[in-house]
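Note that the numbering runs from 1 along the sequence shown for the chain. Read the numbers this way: they start at 1 and go in the same order the structure lists the ligands and their atoms.
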Amino acid sequence: MSNRSITLTDALYDYLLANSLREPEVMRRLREETAKVPGAMMQIAPEQGQFMALLVRLMGARRCIEVGTFTGYSALAVALVLPEDGRIVACDVNEETTAVGRRYWQEAGVADRIDLRLAPAAETLQQMVDAGERQSYDFVFIDADKTNYDSYYELSLELLRPGGLIVVDNVLWGGAVADRTKDDADTRAIRALNEKVASDKRVNCSLLPVGDGLMLAIKQNCQGS
Ligand code: CA
C-alpha cells in the first residue's frame, strides 16, 4: 500500500466501472456512436462524465459553460442533472461532430438546456464578458484546443461567480507533462497552465488523476474582477 494514487490496471478499471458507473442508456449509445467518429479519443471517459455530473449536482449549478463540445457527451452529462431552468453554453467550432450531440440532446429531452455556440470559444467567452455576464456562472468545463487553455482559463475566471468551479481536462496529457523529451506546443501549454493554477491565489485547486488528469479550481471570494 502506498499513499499515492493507485495505478489502474485493466482489471481494476473494469471493477471500478462495474461497481460505480450509472450511465444512462442514451449516454451509452452516444458514447458507442462517438467511438466510430474520427477523433474518438477526444471523448471523456464515462466515469469522468459521472463525476462532472456529481460536481454539478453538489454545487447546485444552474449556469454552466463548456469549452469544447465534440459529440456532446459531457454537455449531455451536465444537462441531465441541471434543474429545469439550468443552462449550459456549449462552445465548439465543429458543426459535424456537434450535430451528433444535438440528436442525442433532443432524444434525452434536454436540448433546450444546451445552448450550442458554433464559433471559436475565446470569441464566444469574450462576447459573454462584454455582454455583462461577469461573475454569473457556476461551473466551467474546459476541454478544447490546448494552446488556448490559458485564455479559456482567464475568461472563465471572469465569467465565474466567487465559489464557482473550473474543471480542466487532459492536464496530465498522457504523461507528457512530466516527460522531458516532450516539448510540443500542446504539452507546453498544458504545463504552463498547471504551473499557473498551482500558485494562482485567485483559486483553490486540486489536480486529480481521473481520466487523462482533471484540474479543479474554485474561484476565491477575495478578488476584484
Ligand atoms: Ca479531453
Side-chain angles (χ1 to χ4, degrees), residues 5 8 13 16-17 21 23 27-28 30-56 64-80 88-101 104-105 114 116-122 124-125 139-156 165-179 182 184-197 205-217:
S5 297
L8 284 183
Y13 182 59
L16 179 155
L17 293 181
L21 190 64
E23 187 179 39
M27 289 182 62
R28 180 180 53 76
L30 170 53
R31 188 159 56 85
E32 285 167 2
E33 178 167 347
T34 303
K36 299 170 199 149
V37 171
M41 283 297 292
M42 296 196 321
Q43 170 158 272
I44 62 165
E47 73 279 14
Q48 190 178 336
Q50 184 169 323
F51 178 59
M52 282 170 47
L54 184 141
L55 291 175
V56 166
C64 305
I65 299 170
E66 172 175 84
V67 180
T69 294
F70 191 44
T71 60
Y73 185 86
S74 45
L76 180 55
V78 169
L80 281 170
I88 176 166
V89 175
C91 307
D92 205 287
V93 288
N94 193 322
E95 196 154 1
E96 215 172 308
T97 51
T98 52
V100 175
Y104 286 88
W105 301 342
I114 304 175
L116 177 65
R117 312 265 179 102
L118 282 171
T124 300
L125 298 176
F139 177 90
V140 184
F141 178 49
I142 300 176
D143 185 14
D145 48 315
K146 311 310 172 200
T147 49
N148 279 316
Y149 262 22
D150 189 69
S151 5
Y152 300 149
Y153 175 74
E154 288 298 331
L155 286 161
S156 298
L165 175 69
I166 302 181
V167 177
V168 188
D169 194 34
N170 300 109
V171 297
L172 295 179
W173 205 225
V177 286
D179 181 346
K182 299 278 165 51
D184 56 282
D186 288 342
T187 305
R188 285 200 303 269
I190 293 169
R191 279 186 192 129
L193 183 68
N194 288 341
E195 283 163 28
K196 176 181 192 166
V197 175
C205 68
S206 182
L207 198 169
L208 302 180
V210 172
D212 190 28
L214 276 183
M215 178 70 88
L216 271 55

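The atom of Asp143 that is an N, O or S and sits closest to the Ca ion (ligand 1) is OD1. Atom OD2 is the N/O/S atom of Asp169 found closest to the Ca ion (ligand 1).
For the residue pair Ser151 / Glu154, no side-chain donor-acceptor distance below 3.5 Å is found, with atom types taken as modelled.
To the nearest 0.5 angstrom, Thr71 atom OG1 is 9.0 Å from Tyr104 atom OH.
Nearest approach of Asp92 to Thr98, heavy atoms of both residues: CB-CG2, 3.7 Å.
Of the charged side-chain nitrogens involved, none lies within less than 4.0 Å of a carboxylate oxygen, so that Arg28 and Glu33 do not count as a salt-bridged pair.
At a threshold of 3.0 Å, the Ca ion (ligand 1) has a backbone or side-chain N, O or S atom of Asn170 nearer than that distance.
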